[in-house]
Number of protein chains: 2
Amino acid sequence: MTTYHHGDLRSALLQAAGQILEKEGLGALSLREAARRAGVSHAAPYRHFPDRERLLADLAAQGFELLNAELRKRAEGEMGLGYLEFALAHPQRFRLMFGGQLSFNDYAELRAAGEGRYEDLQEVFGSLGDDAPLAAAAAWALVHGLASLILDGHFAQAQHESGGAAAFAKKVLGSVRVARAAQRSA
Amino acid sequence: MTTYHHGDLRSALLQAAGQILEKEGLGALSLREAARRAGVSHAAPYRHFPDRERLLADLAAQGFELLNAELRKRAEGEMGLGYLEFALAHPQRFRLMFGGQLSFNDYAELRAAGEGRYEDLQEVFGSLGDDAPLAAAAAWALVHGLASLILDGHFAQAQHESGGAAAFAKKVLGSVRVARAAQRSA
DNA sequence: ACCTGAACACCGTTCAAGT
DNA sequence: ACCTGAACACCGTTCAAGT
């Protein structure tokens, strides 16, 4: 126990910080509290992270990896649902990833993870030719906006719906899919 | 000058806080700094706001009023663009309004302002009957997601596009409008 | 190389005291 | 009724010092 940190303090801090984030929220996530839970002094984290922002960026990068893994499991038509389920299952993580706290351009891994999403989507819509980037952007925006607005509680129906928020989201996405089918048949 | 605060310290604090928010970002917005700029002691704000959260909620409510005013100026078909231009013009305010910092259910005015948006949209889509709530949700989600992702820098094209982010957004929204027209003609 | 303890400059919030 | 100043419990960050 006394030799717990044989070089893995960095991982221990990330794990502690992740628990604080998910259970208490971003506001409660301090380096000092993470250090406390890892059983080290408040100055120890600075051997592994230059500042709090960097710890948050690593936590967000973990989130992108998790999201990417979830989406890879899905068939093309179910990716939107996978995105939404991730947001509903990890609301605090999702907000850290997309809440605008982190300046993406300062952290290379973050930007790469975000772009990965977009590029995959463009491939899915590849059949549309020049319009693929626009269709991919629209699809991502729709699903992302839906997740954000549901998390913020902006759709009363999403809460009262039988089956919960996921059922509401499924309905909304379904209604758009109808429009897309109509377009194809035209 | 010495009698500057003849009962309007509350407004002065909101104005100072608004400037900090837009210029330095939410992270730099402390009650103490707002008090400093208003020329009062750090404890004075507590006569007008129970805590920092409440000041932030009032700032967000101001943002919703501004957004609503902008959208009322627009024709039905241009509302999405108005939403986007608001987000691009007031990125920090937009993030405060939708970043998930504030629990909407704790602040009645905030919830009312948010619901106002959604109800207006349902009227716009009223011709769709039972599907109006779903279509309204989809439209809001699309525009909101687009604004959020552009602000976070997730679309490289949006930055490099001639005409800037607004031009990119216009293209994306235009590509969706095509789909809707095809649906109607079917 | 990695961690500790003291130190500094900030916060949010409370409260007795002043006008 | 409204504001001030001191006070408390937190932070992020730095740095000399220890192992």
| task | Classify the ring geometry between Phe98(B) and Phe64(B) as parallel (under 30°), tilted (30 to 60°) or perpendicular (over 60°). | result | perpendicular
| query | Relative to the ring of His144(A), is the ring of Trp140(A) parallel (under 30°), tilted (30 to 60°) or perpendicular (over 60°)? | reply | perpendicular
Under-4.0 Å salt bridge between Lys170(B) and Glu78(B): no
- Item | Residues Arg10(B), Asp58(B): salt bridge by 4.0 Å N-O rule | yes
Once base and sugar-phosphate atoms are separated, protein heavy atoms under 4.0 Å mark nucleotides 6-16 of chain C, 5' to 3', with B, S and - as BB---BBBBB-
dA6(D) -> Watson-Crick or G-U wobble partner, both distances under 3.5 Å, gives dT14(C)
When both distances are under 3.5 Å in a Watson-Crick or G-U wobble arrangement, the nucleotide paired with dT19(D) is dA1(C)
(message) Assess whether a salt bridge exists between Lys171(B) and Glu161(B), defined as any Lys/Arg side-chain N lying under 4.0 Å from an Asp/Glu carboxylate O.
(response) yes
